[in-house]
Engineer: 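Dropping the structure in here first, questions after.
Within every chain, numbering begins at 1; the chains are lettered A, B, ... in the order of the sequence lines, protein sequences first and strands thereafter.
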Amino acid sequence: MTKSEMAEKLAEKIKVNKQQAEGIINIFSHSIIEALAKGDKVEIRGFGSFRVRHRAAKEGRNPKSGEKVFVPPKKVPFFKTGKDFRETVNS
Amino acid sequence: MTKVDIVNRVLEQAGLQKPEAEEAVETIIALVKDTLGKGESVILRRFGSFQVREKKERIGRNPKTGEEASISARKVVRFKAGKYFKAAVNN
């Protein structure tokens, strides 16, 4: 399902036009991004939680040349599936 | 941040009334869950993608007792953050 397909379904359900529905999806996803960018976490009961995970710096290798390269530490967004969602995909 | 905060964002930024903003957020969450429940992926540009992955049965260990136990085959949800999301948490 793409954002456009989701917007169609959302528009139908809450009786707005498709552009408005797409706007709402963007507000939804952007509020999660903004929270994590500030170092906050997002917990949605029945769905899951989004948080930032820290990856330590490491020595990597360029897979083509085999040369050693330094990979700097970084932060990555991480989603932990909630219990109800886990059950939904397993039933 | 919880669902209530997301609902508030939606009502402020999309100009909806509270019950409609709530319904919008619930609908987005339900669409993601139901789509994954059917085994399909959800791909939201500028955010990320959710997909179902099949895990094979494997032997695990109870970290408390050290006892071996088999972990049955199951499906898990995987969220992959998009480029924009990843960049946002690293700035």
Engineer: Are the side chains of F85(A) and I29(B) in contact, using a 4.5 Å heavy-atom criterion?
Structural biologist: no

Engineer: Specify which of S91(A), S31(A), A37(A) makes the most heavy-atom pairs with chain B at under 4.5 Å.
Structural biologist: S31(A)

Engineer: Between N90(B), L44(B), V42(B), which has the largest tally of heavy atom pairs under 4.5 Å with chain A?
Structural biologist: N90(B)

Engineer: Flag the one option from L36(B), I28(B), T27(B) with the top tally of heavy-atom pairs under 4.5 Å to chain A.
Structural biologist: I28(B)

Engineer: Under 4.5 Å heavy-atom distance to chain A, tell me which part of V10(B) shows up: side chain, backbone, both or neither.
Structural biologist: both

Engineer: Please answer: with hydrophobic residues joined when any side-chain heavy atoms are less than 4.5 Å apart, are F79(A) and V52(B) in the same cluster?
Structural biologist: yes

Engineer: Under the side-chain contact (heavy atoms from CB on, under 4.5 Å) rule, what do I32(A) and F28(A) come out as? Steps first, then yes or no, please.
Structural biologist: CA-CA 7 Å; I32(A) 296 171; F28(A) 176 89; 3.8 Å; yes

Engineer: Taking only residues two or more places apart in sequence, or in another chain, which ones meet K86(B) in a side chain to side chain contact (heavy atoms under 4.5 Å, CB included)?
Structural biologist: P77(A), A81(B)

Engineer: Report the option among M6(A), K74(A), K80(A) that has the most heavy-atom pairs separated by less than 4.5 Å from atoms of chain B.
Structural biologist: M6(A)

Engineer: Return the minimal non-hydrogen interatomic distance between R45(A) and K3(B), and the atom names on each side.
Structural biologist: O-NZ, 4.2 Å

Engineer: Between T81(A) and chain B, which part of the residue has a heavy atom less than 4.5 Å away: side chain, backbone, both or neither?
Structural biologist: side chain

Engineer: Given heavy-atom pairs under 4.5 angstrom as the criterion, report whether the side chain, backbone, both or neither of T2(B) touches chain A.
Structural biologist: both

Engineer: Between R9(B), E20(B), E12(B), K38(B), which has the largest tally of heavy atom pairs under 4.5 Å with chain A?
Structural biologist: R9(B)

Engineer: Hey, which of A21(A), G39(A), G46(A), G48(A) has the most heavy atom pairs under 4.5 Å with chain B?
Structural biologist: G46(A)

Engineer: Using a cut-off of 6.0 Å, state whether more than 12 heavy atoms not belonging to E67(A) lie near its atom CD.
Structural biologist: no

Engineer: Which residue out of F79(B), F50(B), F47(B) racks up the most heavy-atom pairs below 4.5 Å with chain A?
Structural biologist: F47(B)

Engineer: Tell me, with the steps shown, if R51(A) and E43(A) meet salt bridge (Lys or Arg N to Asp or Glu O under 4.0 Å).
Structural biologist: CA-CA 9 Å; R51(A) 62 192 70 215; E43(A) 285 174 340; 3.6 Å; yes

Engineer: Looking at chain B, which one of K3(A), E34(A), M1(A) has the largest number of heavy-atom pairs inside 4.5 Å, strictly under?
Structural biologist: M1(A)

Engineer: Flag yes if Y84(B) and I25(A) sit in one hydrophobic cluster, no otherwise; membership is Ile, Leu, Val, Met, Phe, Trp, Tyr, and two members link when side-chain heavy atoms are under 4.5 Å apart.
Structural biologist: yes

Engineer: Please state whether the side chain, the backbone, both or neither of K41(A) comes within less than 4.5 Å of a heavy atom of chain B.
Structural biologist: backbone

Engineer: Where on E87(A) is there a heavy atom nearer than 4.5 Å to chain B: the side chain, the backbone, both, or neither?
Structural biologist: neither

Engineer: Taking the side chain as C-beta and beyond, is there a heavy-atom pair between L16(B) and Q20(A) under 4.5 Å?
Structural biologist: no

Engineer: Report which part of V52(A) has an atom under 4.5 Å of a heavy atom belonging to chain B: side chain, backbone, both, or neither.
Structural biologist: side chain

Engineer: In the structure I gave you, are the side-chain heavy atoms of K13(A) and E23(B) within less than 4.5 Å of one another anywhere?
Structural biologist: yes

Engineer: Using a cut-off of under 4.5 Å on heavy-atom pairs, state which of D84(A), I44(A), I33(A) scores highest against chain B.
Structural biologist: I33(A)

